[in-house]
Engineer: 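Got a structure for you, questions after.
Note that these values count all heavy atoms, side chains included, but never hydrogens, waters or copies made by symmetry.
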Amino acid sequence: MTEFVEGWTIVQTLGEGSYGEVKLLTNRNTGSAVAMKTIDLAKHPNVVKAVRKEIIIHKDLSHPNIIGYYGQRQNDTSVYIFLEYASGGELFDRIEPDVGMLPGEAQKFFQQLLSGVEYLHSRGIAHRDLKPENLLLDDSGNLKISDFGMATYFRLDGRERLLENRCGTLPYAAPEVLLNCYAYAAEPVDIWSCGIILVALLAGASCDVTDSARESKLCKSQPQDSCNMEITHDSMFDNGYSFSQPTQIDDLLISTQLLLSQPANANTNCVQRLVRRMTRFFVTVNVDQGAACLIEIIEKLGYSWKIFSAGVITISTLDRRKSPLTFKASILDMDGRTLMDFRLSKGCGLEFKRCFIAVRKELNAIIVKGQVSWSCVS
């Protein structure tokens, strides 16, 4: 842990993006936590306008179902954006593949989603990348819309415009966004995404777009929107990181609260501080044996793999849509017990869960029994 500014400590990296990282900051005096998005301008000077656009939009928003914006700092090499930390995790983590969740839960989340989207549209803003991975939960389980990297103004001073940029995440994108032959209205594309999210909540799967859209060629070089109220933002279809999204508390291997409450030299048992997470389990073998077993299973399932750093296996495959899917398995020694921790790197979240289930099934013989079951219904 390192101190970012006086009193605020960087506890852990929560996620990575194309242009930087998201880190968790905690205040040692108050215990408060914020998510800090860091953009490396030295390596990516071309994103300055896109980052400025995201800041302008996010600071203009205040709604109980939208992740809070706290401010930003900038120096010669980096921009820091400070966001509300959603300690309840991602809505995505509540969805079981091919099952979904209980209808009552889905109704609550969907109503909160629509409330947030209605507010955005009332402010003349289209999100353009609504998906379960971009919907977070606070400590009371209330939904928060996050990640405004693809958002844009479509209405200003009562004047509306059509949009032209092809952006979003493929399974949740409206058919008109996939077609590059004409501009599209802003509000309907967000509503379409909300409908696909509802399907995912109830069925644990997203549905395909129309045949005409699926057969069209996707636009990879983006035309600029035709109105001056647009702040230039180049984007393309990308199922990768939700960069401005703070990852849930379950992504921490060690509980922040316990870290804050313990002296710096305290020898607290790591396993006791471990936070439960669906895609994490202990195994009965040591780290090296666990890695060997996992690699054998990966090859059996037809996935490819690489090791870029010790204890971390990067796994790649194609999902059911033949789209790239990449996830990582970290194999760690936690006070003499071996932990396998799986996390999505790039691709559809639900497809990642399906692959995880397949891997876990094959590893069942060495998984420590009596752990948290996969089912999202507790």
Engineer: List in chain and number order the residues that pass side chain to side chain donor-acceptor pair (under 3.5 Å) with Asn75, two or more places apart in sequence or in another chain; answer none if no residue qualifies.
Structural biologist: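 Applying side chain to side chain donor-acceptor pair (under 3.5 Å) to Asn75 gives Thr77.
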Engineer: Check side chain to side chain contact (heavy atoms under 4.5 Å, CB included) between Leu301 and all other residues, then give those that pass, not counting sequence neighbours.
Structural biologist: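 Residues passing side chain to side chain contact (heavy atoms under 4.5 Å, CB included) with Leu301: Ile297, Tyr303, Ala358, Val359, Glu362.
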Engineer: Grab the two heavy atoms, one from Ile125 and one from Ala151, that are nearest each other, plus how far apart they are.
Structural biologist: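 Ile125 and Ala151 have their closest heavy atoms at CG2-CB, 4.2 Å.
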Engineer: If you round to the nearest 0.5 Å, how far is CH2 of Trp8 from CG of Leu25?
Structural biologist: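 Reported value, rounded in 0.5 Å steps: 7.0 Å.
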Engineer: Report yes if the side chains of Glu96 and Met101 come closer than 4.5 Å at any heavy-atom pair, otherwise no.
Structural biologist: no
Engineer: Please give me the minimum heavy-atom distance between Lys369 and Asn364, naming the atom from each residue.
Structural biologist: NZ-O, 2.6 Å
Engineer: Which heavy atom of Ile315 sits nearest a heavy atom of Ala329, and at what distance?
Structural biologist: CD1-CB, 4.2 Å
Engineer: Within the distance-only criterion (no hydrogens, no angle test), does the side chain of Thr284 pair as donor or acceptor with the backbone N or O of Ile366 below 3.5 angstrom?
Structural biologist: yes
Engineer: Under 6.0 Å from the six-membered ring centre of Phe282 and within 45° of its axis: does the NZ or CZ of Arg337 meet both?
Structural biologist: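 Output yes; distance and angle both within limits.
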Engineer: Is there a donor-acceptor pair under 3.5 Å between the side chain of Trp192 and the backbone N or O of Ala173?
Structural biologist: yes
Engineer: Within this structure, what is the OG-CH2 distance for the pair Ser316 and Trp305, rounded to the nearest 0.5 Å?
Structural biologist: 12.0 Å
Engineer: Does Leu294 reach the side chain of Leu363, with side-chain heavy atoms less than 4.5 Å apart?
Structural biologist: yes
Engineer: For the residue pair Lys328 and Phe308, would you count it as a cation-pi contact if the rule is NZ or CZ under 6.0 angstrom from the ring centre and within 45 degrees of the ring axis?
Structural biologist: no
Engineer: Looking at Arg166 and Glu164, would you say the former's side chain and the latter's main chain have a donor-acceptor pair under 3.5 Å?
Structural biologist: yes
Engineer: Less than 3.5 Å apart, which donor and acceptor atoms pair up between the side chains of residues 62-74 and the rest of the protein, not counting sequence neighbours?
Structural biologist:
residue: His63; atom: ND1; partner: Asn65; partner atom: N; Å: 2.9
residue: His63; atom: NE2; partner: Ser115; partner atom: OG; Å: 3.4
residue: Asn65; atom: ND2; partner: Leu143; partner atom: O; Å: 3.0

Engineer: Could you measure the distance from the CD1 atom of Ile367 to the CZ atom of Arg360? Nearest 0.5 Å is fine.
Structural biologist: 4.5 Å
Engineer: Mind checking what makes salt bridge (charged side-chain N to carboxylate O under 4.0 Å, His left out) contact with Asp139, not counting sequence neighbours?
Structural biologist: none
Engineer: Which heavy atom of Leu136 sits nearest a heavy atom of Ala86, and at what distance?
Structural biologist: CB-CB, 3.5 Å
Engineer: Write down the atom of Cys355, the atom of Leu325, and the distance for their closest heavy-atom approach.
Structural biologist: SG-CD2, 3.5 Å
Engineer: Can you tell me how far the CG atom of Leu120 sits from the CD atom of Glu187, to the nearest 0.5 Å?
Structural biologist: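 The CG atom of Leu120 sits 10.5 Å away from the CD atom of Glu187.
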Engineer: Do the side chain of His58 and the main chain of Asp147 share a donor and acceptor less than 3.5 angstrom apart?
Structural biologist: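 Side chain of His58 to backbone of Asp147: no pair is present.
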Engineer: Is there side-chain contact between Ile95 and Leu201, with heavy atoms separated by less than 4.5 Å?
Structural biologist: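 Yes, close enough: below the 4.5 Å cut-off.
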Engineer: Just wondering, do Pro188 and Glu176 contact through their side chains at under 4.5 Å, heavy atoms?
Structural biologist: yes
Engineer: Between Asn286 (side chain) and Asp288 (backbone), is there a donor-acceptor pair under 3.5 Å?
Structural biologist: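 Yes; judged by distance alone, with no hydrogens or angles, the pair exists.
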Engineer: Aromatic rings Phe352 and Phe356: how do their planes relate, parallel, tilted or perpendicular, breaks at 30° and 60°?
Structural biologist: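 Plane angle between 30° and 60°, so tilted.
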Engineer: Report yes if some heavy atom in the side chain of Leu163 is under 4.5 Å from a heavy atom in the side chain of Phe154; otherwise report no.
Structural biologist: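 In short, these two side chains touch, coming nearer than 4.5 Å.
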Engineer: Using the side chain to side chain donor-acceptor pair (under 3.5 Å) criterion, which residues pair with Asp60? Sequence neighbours excluded.
Structural biologist: Arg123, Tyr153
Engineer: Heavy atoms only: give me the nearest Arg155-Ser122 pair and the separation to one decimal.
Structural biologist: NH1-O, 3.8 Å
Engineer: When you measure from the side chain of Lys131 to the backbone N and O of Cys348, does any donor-acceptor pair fall under 3.5 Å?
Structural biologist: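 No, Lys131 side chain to Cys348 backbone: no donor-acceptor pair under 3.5 Å.
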Engineer: Would you please test Lys49 and Glu54 for salt bridge (Lys or Arg N to Asp or Glu O under 4.0 Å) and show each step?
Structural biologist: CA-CA 9 Å; Lys49 291 183 178 180; Glu54 181 174 356; over 6 Å; no
Engineer: Is the backbone N or O of Tyr172 less than 3.5 Å from a side-chain atom of Ser193, with the two atoms forming a donor-acceptor pair by type?
Structural biologist: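 Yes: the side chain of Ser193 pairs with the backbone of Tyr172.
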Engineer: After noting the C-alpha distance and the side-chain angles of Asp129 and Thr169, does the key distance pass the side chain to side chain donor-acceptor pair (under 3.5 Å) rule?
Structural biologist: CA-CA 6 Å; Asp129 195 24; Thr169 300; 2.7 Å; yes
Engineer: Quick check against the 3.5 Å criterion: does Thr279 have a side-chain atom that pairs as donor or acceptor with the backbone of Phe342?
Structural biologist: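 Yes; at least one donor-acceptor contact below 3.5 Å.
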Engineer: Do Glu351 and Arg354 meet the salt-bridge criterion of a basic N to acidic O distance under 4.0 Å?
Structural biologist: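 Yes.
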Engineer: Is it true that the side chains of Asn134 and Ser146 contain a donor and an acceptor less than 3.5 Å apart?
Structural biologist: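 No donor-acceptor contact under 3.5 Å links the two side chains.
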Engineer: Do the non-hydrogen side-chain atoms of Ile197 and Leu113 ever get within less than 4.5 Å of each other?
Structural biologist: yes
Engineer: Distance-only, no hydrogens or angles: does the Asn27 side chain make a donor-acceptor pair with backbone N or O of Gly31 under 3.5 Å?
Structural biologist: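 Between the backbone of Gly31 and the side chain of Asn27 there is no qualifying donor-acceptor contact (under 3.5 Å).
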Engineer: Verify, without hydrogens or angle tests, whether Asn165 (side chain) and Cys167 (backbone) share a donor-acceptor contact under 3.5 angstrom.
Structural biologist: no
Engineer: What distance do Ser304 atom OG and Leu318 atom CG have between them, rounded to the nearest 0.5 Å?
Structural biologist: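 Spacing of OG (Ser304) from CG (Leu318) equals 8.5 Å.
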Engineer: Supply the atom-to-atom distance Leu83 CG to Lys37 NZ, rounded to the nearest 0.5 angstrom.
Structural biologist: 7.5 Å
Engineer: I'd like to know whether Leu91 forms a side chain to side chain contact (heavy atoms under 4.5 Å, CB included) with Phe109, so could you lay out the CA-CA distance, the side-chain angles of the two residues, the decisive distance to 0.1 Å, and finally the verdict.
Structural biologist: CA-CA 8 Å; Leu91 178 64; Phe109 293 135; 3.3 Å; yes
Engineer: Under the rule for salt bridge (charged side-chain N to carboxylate O under 4.0 Å, His left out), what residues qualify as partners of Glu299, not counting sequence neighbours?
Structural biologist: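 For Glu299 there are no salt bridge (charged side-chain N to carboxylate O under 4.0 Å, His left out) partners, ignoring immediate neighbours.
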Engineer: Quick one: does Ile357's side chain get under 4.5 Å of Pro97's, heavy atoms only?
Structural biologist: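 Yes; the side chains approach each other to less than 4.5 Å.
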